[in-house]
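Chain identifiers are assigned alphabetically (A, B, ...) following the order of the sequence lines, protein sequences preceding nucleic acid strands; residue numbering begins at 1 within each chain. Since the structure is predicted, the reported quantities are computational estimates derived from the model, not experimental observations.
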Amino acid sequence: MTETSRTSEEADADLIARSRREPEAFAELFRRHAPDITRYVTRRLGADAAEDVVAETFLTAFRQRARYDVARPDARPWLYGIATNLIGRHVRTEVRRLRALERTGVDPVTAPFTERSDERVSAAAVRRALAAALAALPAGHRDALLLVAWGGLSYEETAQALGVRIGTVRSRISRARSRMRRELGGADPTSLRPTVNEEPIGG
Amino acid sequence: MDEMTLLENLRSEVPPPESADLRRVEERLTAAITGSAAAERPRRRSSVPFRRPVVPLAAAGTALVLLGGALAVRGEEPGPKGHVVHVMPNRSVEVLDRAAEGVWRQRELRPAPGQYLVFETESMASAEGAVGEDGAYGRYLHRGRRKVWMPVQGRSLDAVVVDTVLPARRFPGYPLPATAPRTTRTGRPERLVDFDQRPEHLRTDYAYLSRLPTDPQGMYRHLYTGLGEGEEAHRQAWSRVCDLLCQAYMPAAQRAALFRAAGAIPGVTVVRNAEDGIGRKGVAAARVDRLTGERREYVFDPETYDFLGERSVVVDAAAAGAPVGTVVSYSVVLKADVSDSAPTPRPRS
């Protein structure tokens with residue numbers, strides 16, 4: 001219809017508020033965020049487990065929409081937080097697959113997408129080292145690290161998602177990075193340049 | 001590369017999800033949403049039965065047959081017959097997927113009972129018959145604008161229309177007959193139709209459309225209600241999509257389901273560089289009607305995926321009796337809005 005105007009500027013919070021009266025408005029929130037969240041969960045658990053986790057994430061969010069703080073325009077921290085809790089139920093799957101990658105160099109998570117696999121982005125040794133580091137991290141550290149690295153959340157958003165203080169996020173990520181550097185020290189050194197300037201960690 | 005960059009690259013070959021996978025997940029959510037909507041908003045049942053005895057009035061000017069006109073009345077549709085169950089095949093058309101997604105970004109009209117949906121459209125249709133001065137056979141392209149007030153709840157018999165006739169166009173290969181309109185002329189408010197013998201499942205009033213399924217599978221079954229099998233069924237199902245889009249308005253959830261369902265109709269393809277009847281560029285989902293030799297295109301805005309209108313283009317000169325590329329009919333939506341009142345129609349003489 002020519003005169004219908006786009007409401008893509010409508011903030012997530014407005015959508016959620018509207019969905020309390022008009023539940024069907026919630027579907028728009030799914031359309032906005034499901035692609036990214038699906039990819040995020042897939043990277044952590046694999047495609048087979050991701051579908052249920054994503055479905056459950058949005059069903060949970062829908063049921064909890066009355067409790068969303070509409071002062072927060074962007075719903076991503078909320079949604080990623082719910083997804084993170086649900087991923088936690090699959091922690092053994094996640095670690096088992098990371099260990100498999102560490103051991104064999106073959107990644108069960110990316111194997112189904114092999115036709116798209118890009119060897120350039122990470123050499124096998126690097127992948128195995130990173131997998132070792134991720135598998136060894138406490139779950140809360142891994143959550144913080146991957147929300148930033150794969151989820152694209154800021155430290156502040158990660159803190160919201162995990163329900164922890166931003167200082168906690170900083171220290172978790174700092175330790176996770178040290179762990180990765182240690183593991184990578186044993187990996188192909190040519191793929192790594194020493195990080196001279198450690199960026200100050202900030203939110 | 002520092003360790004964060006290396007980590008960002010890890011598993012970066014995982015692609016964004018396929019739309020079919022997302023749709024499967026979305027359906028689970030939609031089911032929950034719909035359940036909740038039904039619980040929070042009990043359905044209203046229309047107390048007025050739609051089908052009622054009708055007295056067909058003779059159509060004015062029986063020699064002139066307007067093809068593809070926007071009259072709401074159509075008696076040729078057979079009623080439900082047999083028990084052919086149409087299961088939605090697992091296919092989709094990108095344009096219609098985008099349209100389904102676009103629905104949620106568009107301004108939603110929320111007509112209330114007692115109000116009217118007001119549509120302003122421009123259309124062109126092929127007119128043929130004894131249109132020459134001396135009753136000789138002729139063809140031309142009749143064009144008009146119309147503004148229709150459709151009651152949100154209730155029967156199309158209460159709908160009011162103001163028609164504006166626009167200068168006609170020549171049909172390729174035929175001279176413009178003397179009787180064809182050459183000037184713009186706006187009429188007075190009239191009742192849209194004198195009778196409506198459509199079966200229940202072809203109703204297009206908002207109250208009815210609001211109760212249609214919000215899942216693509218359910219909408220697909222609705223499109224095929226009463227249809228048999230094969231090409232003719234698919235042709236009619238595709239045509240019914242237009243009935244639900246042109247001069248009708250359904251809530252976003254149903255509209256999204258309609259686009260997904262339409263994309264599953266066999267034979268539907270994408271036309272990238274499409275154009276609607278008044279020259280607006282767009283992308284279209286289209287289906288060739290082999291019987292008429294025309295391709296029926298539903299055109300969408302390439303950015304917003306707002307529905308712009310429909311158009312029929314000749315693809316088979318022999319079947320259509322017109323050169324390939326001829327636009328034989330179109331209908332574009334100029335405006336859709338809600339109004340509290342409608343003009344009083346002129347009484348029938």
Side-chain angles (χ1 to χ4, degrees), chain A residues 1-8 10 19 21-28 30-32 34-36 38-39 42-44 47 50-51 54-55 58-59 62-63 107 109-110 113-114 116-118 121-122 126-127 129-131 133-134 145-146 148-150 177 180-181 183-184 191-193 195 199, chain B residues 1-17 19 21-22 24-30 32-41 100-110 119-120 214 249 251-253 256 280 301 303-304 306-309 332-337:
Chain A
M1 320 259 138
T2 38
E3 68 141 34
T4 54
S5 60
R6 300 184 60 172
T7 54
S8 54
E10 191 175 11
S19 76
R21 306 185 308 275
E22 303 158 16
E24 61 275 14
F26 203 82
E28 165 64 9
F30 177 89
R31 294 192 167 86
R32 275 186 197 178
D36 284 346
T38 302
R39 182 159 183 260
T42 304
R43 280 174 87 176
R44 290 195 61 172
E51 181 165 325
V54 173
F58 281 91
L59 287 170
F62 178 68
R63 285 192 292 265
D107 190 346
V109 165
T110 56
F113 311 108
T114 40
R116 307 197 198 214
S117 91
D118 188 346
V121 296
S122 49
V126 170
R127 289 204 303 270
L130 289 171
L134 287 177
L145 180 68
L146 294 180
V148 171
W150 291 354
R177 291 183 72 161
M180 285 193 293
R181 281 198 298 274
E183 295 285 347
L184 287 164
S191 65
L192 255 188
R193 267 186 236 115
T195 36
E199 279 175 57
Chain B
M1 267 196 273
D2 74 359
E3 69 281 356
M4 276 309 260
T5 313
L6 292 169
L7 177 64
E8 281 161 21
N9 288 338
L10 183 69
R11 292 179 175 169
S12 61
E13 61 267 49
V14 170
S19 62
D21 294 338
L22 274 184
R24 211 165 42 240
V25 177
E26 186 179 341
E27 275 154 21
R28 291 163 69 175
L29 178 67
T30 311
I33 291 177
T34 315
S36 145
E40 286 164 30
R41 217 192 295 119
E101 287 153 17
V103 157
W104 306 95
R105 294 190 293 268
Q106 291 152 10
R107 195 197 67 160
E108 176 80 354
L109 300 178
R110 306 199 177 280
F119 302 103
E120 291 179 45
T214 54
Y249 189 83
R280 294 179 293 192
D301 182 288
E303 299 291 328
T304 62
D306 285 325
F307 177 69
L308 297 179
V332 298
V333 183
L334 300 170
K335 197 174 174 190
D337 214 339

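Residue contact with chain A, scored on non-hydrogen atoms closer than 4.5 Å, is absent for B:Ala252. For chain B, the nearby part of A:Arg44 is the backbone; its heavy atoms alone come within less than 4.5 Å.
Here the OG1-CG distance, from A:Thr38 to B:Asp21, works out to 8.5 Å after rounding to the nearest 0.5 Å.
Comparing B:Thr30, B:Leu29, B:Leu7 by how many heavy-atom pairs each has under 4.5 Å with chain A, the most go to B:Leu7.
Between B:Arg107 and B:Asp337 there is a salt bridge, with a side-chain nitrogen of the basic residue lying less than 4.0 Å from a carboxylate oxygen of the acidic one. Look at A:Asp36 and A:Arg39 and you find no salt bridge, because none of the NZ, NE, NH1 or NH2 atoms lies under 4.0 Å from a carboxylate O. B:Glu101 and A:Arg31 are not joined by a salt bridge, as no carboxylate oxygen comes within less than 4.0 angstrom of a charged side-chain nitrogen.
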